[in-house]
Visitor: 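My questions all concern the structure below.
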Amino acid sequence: MIFSASRYTLCCALLAALPAPIVAPSSAIEVGRWQPYGARFTYQRDARVPGDNALRIEPRDTPGETWSSGAGLVIPAPLRAGARISATFWARAERPVRVTATIQGGAPAYRALSVSHIDLTPRWRRYTIAGVTPRDLAAYSQSLAVQAGRAAAAVSLGPVAFLQGQPDAASVRDVFAGFRARSVAEDVRVPSDAGVVLAGTLRTPTGHGTGPFPLAILIQGHGPNGRGGYTELSDRLLAYGIATLEYDKRGIGASTGTYDEDLPALTRDATAWVTAMRHRAAIDGRRIALVGHSQGGVIAPAVAASDPSITAVVTLAGSVGDGLPYLRRAIHHQMIAAGLSETVVAPVVDAAGTLLQARSDGDEAGTIVRLRKALTDRFEAAGFSHREAQEALSLIDVKEAWHADEMRSASDLRALHMPVLAVFGSKDPLVIASEEAPEAQRALANNPRARVVVLEGLSHWFQEGAQTGAAEEVPKLGANLGSPRAVSLAVDWLRAILAPAGGKDL
């Protein structure tokens with residue numbers, strides 16, 4: 001990869017939102033961990049089902065294939081060859097419908113361990129599907145999926161228990177009899193720009209009183225991202241009494257508007273959430289923190305720079321720089337990281353900078369064509385094939401880069417006076433810690449409540465076990481942002497900052 005516009009796309013949608021590793025006979029997974037797809041959905045309170053929370057999936061406007069809508073929930077435990085795994089889940093439908101439930105692997109094969117056709121009724125009931133693993137299977141490689149693409153009525157899903165072996169009916173009953181959800185998920189919608197209504201999921205903790213609760217707003221990175229991607233972090237925050245909010249980007253999921261990686265627009269969207277949450281009874285508007293990963297780590301400081309009442313900011317692999325000079329630096333470092341020498345990199349960076357400056361200046365089409373060819377020629381001179389040069393050009397000459405002058409993350413960090421935690425991974429091939437961390441330290445030098453940390457051995461996606469840090473490793477390493485070190489660092493820091501004014505720890 002050459003330019004950051006494509007660097008945050010992950011390989012598998014479900015891997016963006018993995019549940020906490022709970023697979024034990026005495027545990028169940030709450031409703032908020034379901035990941036719906038393909039149809040409109042809402043998280044609702046429902047006292048008729050254990051945990052008092054449900055995910056409602058609406059029927060598709062146009063019926064599709066069975067698998068075209070539904071919800072999935074990843075199994076976080078490794079499975080041994082010959083082991084029996086069962087998934088018991090609560091479900092109902094607005095009127096009687098048939099759905100398909102599977103335990104299956106991910107893309108591209110989606111090989112199923114088990115398939116069951118289940119008849120749902122308006123009454124909440126438990127349903128169990130079980131299968132035997134044909135070989136050793138890694139944690140996070142298998143999912144329970146309830147497929148509702150042909151259901152002509154709304155389907156609601158409740159909590160889930162994954163059990164290994166052959167549990168009897170009493171054991172299954174006991175799992176849910178003692179189930180107390182750690183949080184309650186609820187759909188929320190807020191207006192942003194004209195024609196844009198953003199959809200998100202607010203999770204409030206249970207067992208910590210009635211609120212109002214401090215809140216962490218979790219801001220995703222580059223790409224067409226919906227809710228999900230912060231599950232480990234969210235679970236830990238909720239366990240300590242901190243509410244969390246995740247949301248679909250504009251034009252993605254249930255959010256309206258047109259999807260566009262436009263930093264000012266995305267910053268306005270995040271600001272709209274802050275404004276809305278300050279007026280919500282369950283939330284303490286004086287204790288709102290922003291947590292952003294990657295591009296979200298640029299948006300969070302931008303929001304806080306205009307709103308000094310934000311309590312705290314956490315950036316995870318957030319780029320630090322201003323304008324086109326930063327973009328030139330980023331292209332340079334990514335090419336050096338790819339193993340190219342300074343001799344061949346420098347002319348490429350110069351040609352790329354000239355093209356993007358011309359884009360920013362609005363130069364005429366003929367000039368743009370000439371500069372695009374010049375950049376392609378530079379790539380070929382650096383040893384790229386013609387096809388590789390065209391691919392590299394397509395990653396650099398993108399709309400987001402034409403507006404590089406709108407990026408002011410270094411200036412935004414310098415403007416912050418609230419506590420700031422900036423975290424980088426030493427194996428990040430995209431936001432190079434050896435360059436970005438010193439930039440963050442310089443930008444935050446006058447903020448005595450700021451902290452910059454480089455975590456050894458972690459990549460851009462903050463997973464343990466990274467060898468090269470490349471995106472290809474992501475599906476093999478478990479939950480995105482799942483490193484216990486990274487999660488503990490961010491959560492412990494936020495707990496201290498978001499503690500009530502009286503000083504009592506959360």
Side-chain angles (χ1 to χ4, degrees), residues 10-24 27-38 41 43 55 57 67 69-80 83-91 100-116 127-131 133 135-148 157-164 175 181-183 185 201 203 218 220 225-236 238 246 253 461-465 473-484 487:
L10 299 182
C11 303
C12 174
L14 280 177
L15 285 173
L18 303 177
I22 303 173
V23 178
S27 301
I29 298 176
E30 57 203 40
V31 166
R33 301 284 73 87
W34 281 106
Q35 291 300 310
Y37 64 90
F41 64 90
Y43 291 97
L55 168 65
I57 303 169
W67 44 261
S69 66
L73 204 158
V74 179
I75 302 173
L79 304 174
R80 294 297 185 94
R84 185 181 189 275
I85 178 73
S86 68
T88 298
F89 60 96
W90 287 80
T100 300
T102 67
I103 298 176
Q104 64 182 44
Y110 294 105
R111 182 176 178 181
L113 299 181
S114 182
V115 178
S116 292
Y127 299 89
T128 296
I129 175 174
T133 57
R135 61 186 185 283
D136 287 351
L137 296 169
Y140 305 102
S141 67
Q142 306 298 303
S143 302
L144 166 66
V146 176
Q147 302 171 352
L157 301 174
V160 180
F162 291 117
L163 304 174
Q164 297 194 45
V175 169
R182 294 166 298 172
S183 66
T201 301
R203 292 184 173 91
L218 310 177
Q220 293 248 28
N225 295 316
R227 285 163 269 189
Y230 288 93
T231 304
E232 304 282 350
L233 184 63
S234 180
D235 281 351
R236 285 282 301 278
L238 287 161
E246 296 182 75
W461 296 274
F462 292 94
Q463 300 163 298
E464 296 291 346
E473 291 182 332
V474 170
K476 306 172 186 176
L477 299 179
N480 183 37
L481 295 175
S483 162
V487 170

Visitor: What are the two closest heavy atoms between Arg182 and Glu30, and how far apart are they?
Guide: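 Minimum heavy-atom separation between Arg182 and Glu30: N-OE1, 3.0 Å.
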Visitor: Minimum heavy-atom separation for Ile103 and Gly131, please, with both atom names.
Guide: CD1-N, 4.4 Å
Visitor: Could you pull out the closest heavy-atom pair between Ala77 and Gln164, with the gap in Å?
Guide: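 Nearest heavy atoms, Ala77 then Gln164: CB-NE2, 4.2 Å.
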Visitor: Quick one: are Leu144 and Trp34 in side-chain contact, heavy atoms under 4.5 Å?
Guide: yes
Visitor: Between CZ of Arg135 and CG of Leu137, what distance do you get to the nearest 0.5 Å?
Guide: 5.0 Å
Visitor: With rounding to the nearest 0.5 Å, note down the distance linking OG1 in Thr128 to CZ in Phe89.
Guide: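 Reported to 0.5 Å precision, the distance equals 8.0 Å.
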Visitor: Is Ser483 close to Glu464 at the side-chain level, that is, under 4.5 Å between some pair of heavy atoms?
Guide: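 Yes, at least one pair of side-chain atoms sits under 4.5 Å.
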Visitor: Let me confirm one number: the CZ-CD distance from Arg227 to Gln220, rounded to the nearest 0.5 Å.
Guide: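 One gets 11.0 Å once the value is rounded to the nearest 0.5 Å.
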Visitor: Return yes if some donor-acceptor pair links the side-chain N/O of Thr88 with the main-chain N/O of Ala161 below 3.5 Å, else return no.
Guide: no
Visitor: Between Ile129 and Ser116, which heavy-atom pair has the shortest distance, and what is it?
Guide: CG1-OG, 3.8 Å
Visitor: First locate atom OG1 of Thr102, then atom CD of Gln142, and finally report the distance between them rounded to the nearest 0.5 Å.
Guide: 9.5 Å
Visitor: Where do Gly465 and Leu477 come nearest, in terms of heavy atoms and distance?
Guide: O-CD2, 3.7 Å
Visitor: How far does CZ of Phe41 sit from OG1 of Thr201, to the nearest 0.5 angstrom?
Guide: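 Rounded to the nearest 0.5 Å, the CZ-OG1 separation comes to 6.0 Å.
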Visitor: Would the distance check show the side chain of Arg203 and the main-chain N or O of Ser234 forming a donor-acceptor pair, the cut-off being under 3.5 Å?
Guide: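 Not confirmed, Arg203 side chain does not pair with Ser234 backbone.
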Visitor: In Å, rounded to the nearest 0.5 Å, how long is the span from OG of Ser143 to CG of Leu113?
Guide: 10.5 Å
Visitor: My understanding is that only residues two or more places apart in sequence, or in another chain, count here; which of them pass side-chain hydrogen bond (donor to acceptor under 3.5 Å, both in side chains) with Ser69?
Guide: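 Counting only residues at least two positions away or on another chain, Ser69 forms no side-chain hydrogen bond (donor to acceptor under 3.5 Å, both in side chains).
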Visitor: Side chains of Val115 and Thr100, heavy atoms from C-beta outward: is any pair under 4.5 Å?
Guide: yes
Visitor: I want to check something: taking the side chain as every heavy atom from C-beta on, are Leu481 and Glu232 in contact at a cut-off of under 4.5 Å?
Guide: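 In short, these two side chains do not touch, never coming nearer than 4.5 Å.
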Visitor: Any side-chain heavy-atom pair from Arg33 and Asp235 closer than 4.5 angstrom?
Guide: yes
Visitor: Please find the pair of heavy atoms, one from Gly32 and one from Ala185, that lie closest to each other, and give the distance.
Guide: CA-CB, 4.2 Å
Visitor: Do any N or O atoms from the side chain of Ser86 and from the backbone of Leu163 form a donor-acceptor pair under 3.5 angstrom?
Guide: yes
Visitor: State, yes or no, whether a side-chain contact exists between Phe162 and Leu73 at a heavy-atom distance under 4.5 Å.
Guide: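 Yes; the side chains approach each other to less than 4.5 Å.
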Visitor: Do Val146 and Ile57 have side-chain heavy atoms sitting under 4.5 Å apart?
Guide: no
Visitor: Using modelled atom types only, decide if a donor and an acceptor are shared between the side chain of Glu246 and the backbone of Gly228 within a distance under 3.5 Å.
Guide: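 The answer is yes, because a donor-acceptor pair under 3.5 Å joins these two groups.
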